[in-house]
Amino acid sequence: MLTCWLVSEEEIHHPIQLLHHHTHTLGRSPETKIKDQKCSRQQVELRADCKRGFVSVKQLGSNPSSLDDVVVGKGNQVTFKPGQKLYLLNRLYPYTLQFRDESTSGSSLLGRKEGTGHWSQGLRVSMQDPSMQVYKDEKVVVIKDKYPKARYHWLVLPWDSISSLKALRSEHVELLRHMEQVGDRMVQQQSPNRLHFRLGYHAIPSMSHVHLHVISQDFDSPCLKNKKHWNSFTTDYFINSQDVIAMLERDGRVSVKDGAGELLKLPLRCHVCREEQTTMPKLKEHIRTHLLS
DNA sequence: GTTCTAGAAC
DNA sequence: GTTCTAGAAC
């Protein structure tokens, strides 16, 4: 079981432990050392889910608390994940989340695995591991997907901690262009034959930290196992990098349609000839026929 | 994200 | 009886 800690970004006080499925009220108090009268004594209510790796945040006070750049709003509830920043009041008093393996604290025992936090933070761990890095420069790092869904499947990640598409703003356009350029270069350099590739983002990714998928369109991989896998790369759930950049240039934000998650439940359809298949094994057999020629 | 497995579908 | 999917993971 992981433990959950609320960390004051400005190190005003020690991390506060949030117990699994317990509510914790945070506001103007000796605990936070906040004396600002605009902050309610019960500014937000927090409830940690250590199994799923997030904290529910409900704003109780009248003045705005915000998650990244988005105001929560009184009475509203949002999901707070590691990598995101919670500002208790008016973009002040920033907090981050940490899920830690309790086995790493205190005296260590032999043979115990090092705690790496919640599974959804796996990419943040992998990108820092030199043995996983395929390419890196001052802005981004490229790693191979741990469970590739095709013969070639890379992830391009920025060093900057950007939790998801929702946190992207106009100022990130240049970074995203660079990520795409690096992705294009991976395709040209590493791929010997002329396989078709797509570069894009998942509408609702499971893993934290913005990552660009660079994936060959053979989908010839034992790790491609279920409908969710298939539809996440072959429906509108997969948003082309160019479309994300265009949206960011035009609106200053990336909007993901409501119900994008439903796209994962669509029938299995071949991405080449659009023919529908009834089961995954049949689909996998079918797409082999498009490999030749 | 994956693993596991109950029970639906065949 | 076997294959395959899809939801839980406290």
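Below, read A as the first sequence line, B as the second, and so on, with proteins coming before strands; counting in each chain starts at 1.
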Worksheet item: So do the side chains of A/Pro64 and A/Asn90 get within less than 4.5 Å of each other, counting heavy atoms only?
Response: yes
Practice prompt. Evaluate the ring planes of A/His153 and A/Phe233, with Trp represented by its six-membered ring, and classify them as parallel (under 30°), tilted (30 to 60°) or perpendicular (over 60°).
Written response: perpendicular
Worksheet, complete the sentence: Contacted region of DNA chain C by chain A, from 5' end to 3' end of the hits, cut-off under 4.0 Å to heavy atoms, spans C/dC4 to C/dC10
Worksheet item: Strictly by modelled atom types, are A/Arg124 and A/Ser208 linked by a side-chain donor-acceptor pair under 3.5 Å?
Response: yes
Worksheet item: Looking at A/Phe238 versus A/His271, is the centre-to-centre ring distance below 6.0 Å?
Response: no
Worksheet item: How would you label the contact of A/His118 with the nucleic acid (heavy atoms, under 4.0 Å): base, sugar-phosphate, or nothing?
Response: nothing
Practice prompt. Can you run through DNA chain C from 5' to 3' and write each base as (, ), [, ], | or . depending on how it pairs? Watson-Crick or G-U wobble, both distances under 3.5 Å.
Written response: |||||||||.
Worksheet entry | Side-chain heavy atoms of A/Cys4 within contact of A/His20, under 4.5 Å | no
Worksheet item: Mind checking whether A/His286 and A/His290 have parallel, tilted or perpendicular rings, split at 30° and 60°?
Response: perpendicular
Item to complete: Could you tell me which non-hydrogen atom of A/Gly73 sits nearest to which non-hydrogen atom of A/Gln59, and how far apart they are?
Response: N-OE1, 2.8 Å
Worksheet item: Just by distance, do the side chain of A/Asp68 and the backbone of A/Ala167 share a donor-acceptor pair under 3.5 Å?
Response: no
Practice prompt. Would you classify A/Lys225 as touching base, sugar-phosphate or nothing, given that sugar-phosphate means primed atoms plus P, OP1 and OP2, and contacts are heavy atoms under 4.0 Å?
Written response: sugar-phosphate
Item to complete: Specify the residues of residues 260-282 of chain A, ordered by number, for which at least one heavy atom lies under 4.0 angstrom from an atom of DNA chain C.
Response: A/Thr279, A/Met280, A/Pro281
Discussion item. I'd like to know if the side chain of A/Asp137 pairs up with that of A/His178 as donor and acceptor (distance under 3.5 Å, no hydrogens or angles considered).
Written reply: yes
Practice prompt. Hey, could you give me the NE2/CG distance between A/His22 and A/Leu46, rounded to the nearest 0.5 Å?
Written response: 14.0 Å
